[in-house]
Structures are given as structure tokens and as C-alpha cells.
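The next block holds one structure in the form of C-alpha cells; read it before the comments.
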Amino acid sequence: RVSSDGKPPKFQPPPKPVIIDRKTQKEERRFLSPEFIPPRGRTDPLKYYLERKDMIQRRKVFNIPEFYVGHVLAVTTADPYASDKSKRFVGICIQRGGKGLGATFVLRNVIEDQGVEICYELYSPRIQAIEVLKLEKRLDENLMYLRDALPEYSTFDVNMKPVPRMDHEDIPVNKLQVRMKPKPWSKRWERPKYNIKGIKFELPEHKMKAAQKWSQPWLEFDMLREYDTSKIEEKIRKELREELEK
Amino acid sequence: MMPIWTKSGEKRAVTLLKVQDCHVLRYVSKEESGGKTAKLLVGGKNVSPFSKPESAHEIFKEAGVPQKQKVTTFNVTEDAIIKPGTPLYAAHFRPGQFVDVTAKTIGKGFQGVVKRWGFKGQPASHGQTKTHRRPGAISTNKAAKVYRGKKMPGKMGNIYRTSFGLKVWRINTKHDIIYVNGSVPGHTNCLVKVRDSKLPTYKDCNKNPPFPTFFADGDEELPEDLFDKEIFQFTDSSVTFA
């Protein structure tokens with residue numbers, strides 16, 4: 001190459017290699033707790049912004065781990081009437097509900113042949129620790145049918161040790177098909193409106209066909225029901241990342 | 001509405017009220033109004049002046065303030081008079097104070113006697129002919145007339161109602177928001193009148209309020225969030241019972 005001045009060209013060091021850490025990038029993009037996404041409505045977004053500030057403040061002080069429906073959790077809460085002033089409950093998370101500060105999750109376990117479900121609030125100051133004992137997603141987002149399933153599917157050892165997590169990649173999906181107690185059930189789980197994939201229905205063919213009478217195949221094409229949260233989620237993820245790094 | 005937790009771990013529900021562009025519009029003296037105390041007219045949310053008649057523009061032109069959607073009166077003592085045109089902020093109230101909130105209830109339209117007045121109606125079966133939600137008898141034989149004020153079907157809701165003695169838990173000075181205990185009449189984003197409580201139990205409640213009001217250009221520098229003593233703040237660690 002010919003330089004403009006006639007002098008030898010200045011030594012240009014090679015560009016430094018840019019290390020793209022794909023794993024952390026994937027993790028950053030992946031999980032947003034469902035209570036951060038505001039519901040569709042006519043409330044002022046300022047209200048959700050203020051709630052999110054409080055939620056982030058609580059998350060800075062107390063660690064709320066990433067968990068889905070189907071995980072086995074152990075929750076320690078403060079109790080003024082217990083001898084140790086604290087209570088520990090182990091159970092499988094069957095439902096996550098509520099938005100904002102009032103977000104709740106329901107844990108189910110069978111203790112001494114009695115099914116017990118406790119609904120905890122994620123942001124309640126009484127909760128002292130949440131540990132994830134077993135990580136696995138199930139086929140559905142709502143496991144309320146475990147109430148009508150055989151009790152062996154809801155029993156978890158109270159002194160269970162936390163199962164070590166292999167990869168920092170995907171959460172395994174347990175494709176377990178649960179066997180049910182004989183009918184009557186609390187809800188007619190075979191009907192298409194619940195859209196349950198995790199039950200092994202041992203009902204006769206004609207009953208399964210009769211249940212399809214209540215199917216609403218037009219629902220998935222109804223455009224007014226669509227609520228596209230991708231852009232909202234992006235903004236909230238960015239906000240979360242910035243606030244938690246401070 | 002939002003949940004809030006106390007230091008002992010109990011949960012309370014709280015309504016958020018936003019103070020949006022409030023200005024004092026006019027001072028009406030005791031003699032002029034004919035009442036027992038002087039009055040101050042205060043205007044609420046800003047609105048475009050083109051939808052109102054010229055006669056309604058006068059008050060706002062005098063005060064030098066944009067057109068407001070709602071104008072209310074507050075009964076004020078002589079020493080608490082404020083100059084017309086001063087803005088009012090949420091910091092006028094302090095946490096721990098008690099407050100009455102007035103608003104128009106949600107309008108339900110023309111409603112029957114069961115929903116409007118809570119009548120029991122009639123049974124669904126056992127021979128009832130076309131009578132399940134009717135009022136039944138409306139007067140006695142001896143009266144020979146129907147009394148004034150008899151509960152009958154009619155338009156329900158869309159009237160002013162007040163909830164008394166609501167505690168103020170928290171104030172956000174940056175966005176002008178008051179966190180008030182419990183529920184408040186009216187739908188979301190409706191206009192609401194907030195006033196110091198008149199209940200006799202809360203007469204001596206408020207110690208050193210900002211008197212006559214909180215002035216933004218004054219010397220006081222308030223933090224962004226003012227909390228009540230009993231509130232659990234999320235900067236603290238989890239509640240434990242010793």
C-alpha cells in the first residue's frame with residue numbers, strides 16, 4: 001500500500017476479538033415473570049410503572065427465583081404463633097395468578113393423606129425464603145386437575161433435597177400423563193375449554209366425543225381477543241435490566 | 001387499587017388518587033356566600049376551552065389558569081385563605097392523615113327493585129306466575145296512598161357519594177399521587193374530591209399539616225415518597241416475629 005506522506009504506514013494492531021457470550025444473551029432474553037406484564041384495560045400506565053418500581057425494589061432486597069407451574073418449591077414464611085416463628089412448606093406450584101404486587105402462586109402437597117394447598121403472595125413481606133427444589137415444566141400452565149388425580153402425583157417429600165440443575169440452558173418439560181380418580185371431578189377436565197394435555201383420559205370414546213360438542217374452534221381466529229405483548233415485554237425487560245444493575 | 005403491607009405483615013388494599021393540575025380559582029367571603037365560613041373555589045383537570053360557552057371562561061381568565069373540567073367548593077377558615085391562581089399539590093396531605101373522598105358513583109342506568117334496593121323478590125318456582133323480581137305490595141290498605149320516597153325501580157348510580165375516614169398511607173410527590181386506604185366511589189380515572197375528614201374521631205388527628213397548603217416554590221425539599229410509620233417499605237428486609 002502507498003501512504004500519502006511517503007513514510008512507511010503506521011502499524012495498525014489487529015482488532016480485538018469480540019466475545020459474544022450467547023449463553024448470557026439467551027438467558028437475558030428468556031424469562032420475564034408473568035406478573036410484570038400489565039393486563040389489557042383502560043388503566044393509566046403510570047399505575048403499572050409505580051407498581052413495577054415497588055416490585056423491583058422488593059426483588060433487590062429479596063431474591064425471587066425464576067419458576068414456572070410444575071416446579072417443586074419450598075417456602076419459609078414468618079408466623080407469630082409457631083414455636084420457631086417460621087413455617088416451611090414444600091409443594092408443587094399448580095397455578096400462578098394475579099398481576100403487579102398482588103401476584104400469587106398456589107403450592108400443593110399431600111401430607112398424611114390430606115391434600116393441602118396454600119396460596120402465597122410473591123411480594124408479601126412475611127415470606128422469608130423461596131427455594132426451588134425441582135425444576136421441571138409440565139405440559140399445561142394450570143395444574144388444578146391434580147386435585148382429581150390420584151394422590152401419588154401430588155405427594156412430595158417434605159425433606160426433599162434440591163435437585164442440582166445441569167445446564168444453564170433449557171428447563172426440562174415433563175411429559176407425564178396423570179391418571180385420575182374415578183368421576184365425578186371438580187371440573188369436567190375432558191372439555192376442550194381447559195385444553196389439558198397432561199391427563200391420561202381413560203374415559204370411553206363416546207364420552208370424549210360428546211365433550212367435543214363444547215369446543216369453540218372460532219376462538220383462535222378471533223382478532224379482538226389477541227393481546228400482543230411482545231413490545232410491552234421488551235420495554236419491561238429493558239427497564240428491569242437497567243434497574244437491577246444499579 | 002393496589003395491595004400494601006404493614007410492618008406486622010398484614011395486607012391492606014389501597015386506592016391511588018392522582019392530583020392533576022389543581023388550581024385555586026376564586027375566594028368567596030363569608031358575607032358574599034351567606035354561609036358560616038369563607039369558601040374557596042378549586043378547579044380540577046385541564047380541558048380544552050372550546051367545548052364550553054364564553055360565560056364559563058370568566059373565572060379561569062381572572063385566575064389566569066387554563067379551563068378546568070370540574071370546579072368544587074371547599075369551606076375554609078379566614079386564616080387558611082389562598083390567593084387565586086396557586087397550584088395545589090398532593091403534598092398538601094401527609095401520611096397518617098384521615099380523609100373523606102367524594103365522587104359520582106358508577107351509573108347503572110334504569111334498574112329494578114332487587115338490584116337497586118336489595119329486595120328479595122319472589123321464589124323461582126312453586127306456582128309463581130310471571131313474578132320473580134317484582135316489588136310486591138307498595139303500601140297498606142289503611143294508608144290509602146303511596147308514601148313519598150317509596151323504594152321503586154329507577155335510575156341507579158351516577159350520584160355523589162362520600163367514603164369517610166380513609167387513612168392516607170403514602171404520598172408520591174414526584175407524580176402527585178395519594179395512596180388512600182380502602183375503596184373510593186366512582187369508576188377508574190373518574191374525578192374525585194379529597195377533603196380533610198369531618199368525623200369527630202379524627203378531629204385532632206393531623207399534627208402540623210402544611211398550612212394553608214404546600215407551596216412548591218417554598219423552602220421545603222420533600223423526598224420523592226412519603227410513607228406512614230406503619231407501612232412496610234420494600235427497602236427493608238422481610239418481616240420476622242421475635
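What you are looking at is a predicted structure, and each value in this text was computed from that prediction instead of being measured. What's counted below: heavy atoms across the whole structure, side chains too, no hydrogens, waters or symmetry copies.
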Please walk me through it: do Arg170(B) and Asp54(A) pass salt bridge (Lys or Arg N to Asp or Glu O under 4.0 Å)?
-> CA-CA 13 Å; Arg170(B) 181 176 162 180; Asp54(A) 277 340; 3.1 Å; yes

If you measure from NZ on Lys47(A) to CE on Met2(B), what distance do you get to the nearest 0.5 Å?
-> 7.5 Å

Please say whether more than 12 non-hydrogen atoms of neighbouring residues, nucleotides or ligands are located less than 6.0 Å from OH in Tyr81(A).
-> no

Provide the closest heavy-atom pair for Ser238(B) versus Pro125(A) in the form atom of the first, atom of the second, distance.
-> CB-O, 3.3 Å

Atom group of Lys7(B) that falls short of 4.5 Å from chain A, counting heavy atoms | neither

Around atom CZ of Arg161(B), are there more than 12 heavy atoms of other residues, nucleotides or ligands at under 6.0 Å?
-> no

What option among Ser86(A), Gly102(A), Pro80(A) has the most heavy-atom pairs under 4.5 Å with chain B?
-> Pro80(A)

Flag yes if more than 12 heavy atoms outside Gln111(B) fall under 6.0 Å of its CD atom; otherwise flag no.
-> yes

Would you check if Ile177(B) and Leu46(A) make a side-chain contact, meaning some heavy-atom pair closer than 4.5 Å?
-> yes

Does some side-chain heavy atom of Gln128(A) sit less than 4.5 Å from a side-chain heavy atom of Thr240(B)?
-> yes

Minimal heavy-atom distance between Asp236(B) and Arg58(A), with the atoms involved, is O-NH1, 4.3 Å

Around atom NZ of Lys198(B), are there more than 12 heavy atoms of other residues, nucleotides or ligands at under 6.0 Å?
-> no

Look at atom NZ of Lys183(A) and say whether more than 12 heavy atoms of other residues, nucleotides or ligands are closer to it than 6.0 Å.
-> yes

In Å, rounded to the nearest 0.5 Å, how long is the span from NZ of Lys53(A) to CG of Asp225(B)?
-> 6.0 Å

Relative to chain B, which segment of Tyr49(A) carries a heavy atom at a distance below 4.5 Å: side chain, backbone, both, or neither?
-> side chain

More than 12 heavy atoms of other residues, nucleotides or ligands under 6.0 Å from CD of Glu131(A): is that the case?
-> yes

For atom CG of Asp157(A), decide whether the heavy atoms of other residues, nucleotides or ligands shown that lie under 6.0 angstrom number more than 12.
-> yes

From Leu101(A) CG over to Met1(B) CE, what is the distance, rounded to the nearest 0.5 angstrom?
-> 13.0 Å

Nearest heavy-atom pair of Phe234(B) and Tyr123(A): which atoms, and what distance?
-> CE2-O, 3.8 Å

Choice from Leu16(B), Thr188(B), Thr235(B) maximising heavy atom contacts with chain A below 4.5 Å = Thr235(B)

Answer yes or no: is there a donor N or O on one side and an acceptor on the other, between the side chain of Asn189(B) and the main chain of Arg42(A), under 3.5 Å?
-> yes

Closest-packed option against chain B by number of heavy-atom pairs under 4.5 Å, given Ala129(A), Ser124(A), Ala82(A), Gly41(A) | Ser124(A)

When only pairs under 4.5 Å are counted, which of Thr77(A), Asp44(A), Leu50(A) shares the most heavy-atom pairs with chain B?
-> Leu50(A)

Can you tell me if CD on Glu58(B) sees more than 12 non-hydrogen neighbours from other groups inside 6.0 Å?
-> no

